[in-house]
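See structure below.
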Amino acid sequence: MYALIDSILPMFMDVYRQFDSQDPDTGSIKKEWQFDRTVPCSAKGNISNSSSVNSRDTQTLSTKYSNNEILQIRTTDSVTLREKITNIRNLEGEVIWEELNFPSNTPTVFEVMGITPMIDPLGGVLAYNATVKRSENQTIGQ
């Protein structure tokens with residue numbers, strides 16, 4: 001696409017797409033996640049001194065443990081709300097965000113919260129900025 005934009009995307013991420021199917025016997029809708037593509041990206045944690053819950057990483061212990069992590073991701077490919085992001089890694093293939101308390105250190109799974117295009121002065125789309133949050137379910141396919 002744009003060589004300048006592509007040159008400042010020092011990471012890769014895997015995108016999984018949601019596919020719905022209906023059980024012929026019960027009529028229930030089943031959601032399946034399938035690997036769709038690997039995309040160059042640049043990701044960073046959301047750092048802010050705001051008091052907004054969505055502006056920073058938080059962990060809450062109450063009747064239910066909550067681990068909120070928000071990332072900002074820039075990419076030249078658009079992602080949708082029906083996709084999940086995982087395996088964010090550097091150019092050497094080292095995973096940047098991983099679940100340390102999982103049975104093994106597995107890449108963190110993120111859900112897309114929103115996406116907005118970055119427009120050049122002539123109205124063309126240069127790239128996309130996406131906001132993603134840590135998924136409560138860290139197993140893709142369920």
Side-chain angles (χ1 to χ4, degrees), residues 1-120 123-142:
M1 180 182 257
Y2 292 93
L4 179 61
I5 294 294
D6 290 335
S7 70
I8 59 171
L9 301 176
M11 301 174 189
F12 291 102
M13 66 182 188
D14 292 341
V15 179
Y16 285 76
R17 184 170 291 229
Q18 175 185 317
F19 292 95
D20 296 333
S21 61
Q22 188 170 16
D23 186 302
D25 298 326
T26 65
S28 65
I29 301 295
K30 295 171 51 178
K31 294 181 182 181
E32 296 181 26
W33 295 95
Q34 297 175 359
F35 175 78
D36 189 50
R37 65 195 184 279
T38 297
V39 178
C41 69
S42 175
K44 65 178 184 170
N46 220 5
I47 300 171
S48 172
N49 60 359
S50 168
S51 62
S52 170
V53 171
N54 287 338
S55 68
R56 64 190 190 283
D57 297 346
T58 61
Q59 292 184 3
T60 307
L61 292 170
S62 62
T63 56
K64 181 179 178 185
Y65 174 74
S66 174
N67 182 1
N68 299 317
E69 187 171 11
I70 308 288
L71 299 182
Q72 298 294 320
I73 298 178
R74 180 169 294 161
T75 181
T76 54
D77 280 11
S78 180
V79 291
T80 69
L81 298 176
R82 292 180 58 90
E83 294 176 321
K84 287 191 178 185
I85 308 300
T86 189
N87 200 20
I88 300 173
R89 58 201 181 277
N90 62 18
L91 295 176
E92 287 77 37
E94 299 166 344
V95 175
I96 309 270
W97 280 273
E98 62 184 2
E99 293 295 300
L100 299 176
N101 295 327
F102 223 57
S104 63
N105 293 358
T106 60
T108 302
V109 176
F110 294 94
E111 298 174 5
V112 178
M113 294 173 49
I115 187 161
T116 186
M118 293 175 49
I119 307 298
D120 69 16
V125 176
L126 287 173
Y128 297 90
N129 284 331
T131 302
V132 299
K133 68 177 181 177
R134 182 186 175 275
S135 179
E136 188 174 316
N137 184 354
Q138 286 294 305
T139 305
I140 289 200
Q142 296 182 0

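- Note that CZ of F35 is 6.0 Å distant from OH of Y16, once rounded to the nearest 0.5 Å.
- Sequence neighbours left out, the pairs with a member in residues 86-97 that pass salt bridge (charged side-chain N to carboxylate O under 4.0 Å, His left out) are D14-R89.
- Qualifying side-chain hydrogen bond (donor to acceptor under 3.5 Å, both in side chains) partners for S42, counting only residues two or more places apart in sequence or in other chains: none.
- Among residues two or more places apart in sequence or in another chain, the side-chain hydrogen bond (donor to acceptor under 3.5 Å, both in side chains) test is passed with T80 by none.
- Using a 4.5 Å heavy-atom threshold, the side chains of K44 and L71 count as separate.
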For I73 and I88, run side-chain contact (heavy atoms from CB on, under 4.5 Å): C-alpha distance rounded to whole Å, both residues' side-chain angles, the deciding distance at 0.1 Å, then the answer. CA-CA 10 Å; I73 298 178; I88 300 173; 4.0 Å; yes
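- With hydrogens and angles ignored, the 3.5 Å screen pairs a side-chain donor or acceptor of Q22 with a backbone N or O of G27.
- With sequence neighbours left out, the side chain to side chain contact (heavy atoms under 4.5 Å, CB included) criterion links S135 to K84, V109, E111, N137, Q138.
- Taking the side chain as every heavy atom from C-beta outward, D36 and E83 approach each other to under 4.5 Å.
- Looking at T75, its side chain does come within 3.5 Å of a backbone N or O of P40 through a donor-acceptor pair.
- Side-chain contact between R74 and M118 is present, with heavy atoms from C-beta onward closer than 4.5 Å.
- For the pair W97 and E69, the minimum side-chain heavy-atom distance is below 4.5 Å.
- Considering only residues two or more places apart in sequence or on other chains, R82 meets the salt bridge (Lys or Arg N to Asp or Glu O under 4.0 Å) condition with D20.
- Checked by atom type, the side-chain pair T108/E98 shows no donor-acceptor distance below 3.5 Å.
- Distance check, rounded to the nearest 0.5 Å: OG1 of T76 to CG of L9 gives 6.0 Å.
- Using a 4.5 Å heavy-atom cutoff, the side chains of I115 and V79 are in contact.
- The closest side-chain heavy-atom distance from V132 to I70 is not below 4.5 Å.
- Contact of the V15 side chain with the D77 side chain is not registered, since no non-hydrogen atoms from C-beta on lie closer than 4.5 Å.
- With sequence neighbours left out, F19 forms a ring pair (Phe, Tyr, Trp, His ring centres under 6.0 Å) with no residue at all.
- In this structure, OG1 in T131 is found 12.0 Å from CZ in F110, a value given to the nearest 0.5 Å.
- In terms of the side chain to side chain contact (heavy atoms under 4.5 Å, CB included) criterion, residue partners of I119 (sequence neighbours excluded) are, by chain and number, P117, V125.
- Partners of D23 according to the salt bridge (Lys or Arg N to Asp or Glu O under 4.0 Å) rule, which considers only residues two or more places apart in sequence or in another chain, do not exist here.
- Residues passing the side-chain hydrogen bond (donor to acceptor under 3.5 Å, both in side chains) test with S21, sequence neighbours excluded: none.
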For R17 and E32, run salt bridge (charged side-chain N to carboxylate O under 4.0 Å, His left out): C-alpha distance rounded to whole Å, both residues' side-chain angles, the deciding distance at 0.1 Å, then the answer. CA-CA 8 Å; R17 184 170 291 229; E32 296 181 26; over 6 Å; no
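- Every residue two or more places apart in sequence or in another chain was checked for a side-chain hydrogen bond (donor to acceptor under 3.5 Å, both in side chains) with T116, and none qualifies.
- By the ring pair (Phe, Tyr, Trp, His ring centres under 6.0 Å) test, F12 is found to be paired with no residue, residues two or more places apart in sequence or in another chain being considered.
- No side-chain heavy atom of M11 sits less than 4.5 Å from a side-chain heavy atom of L91.
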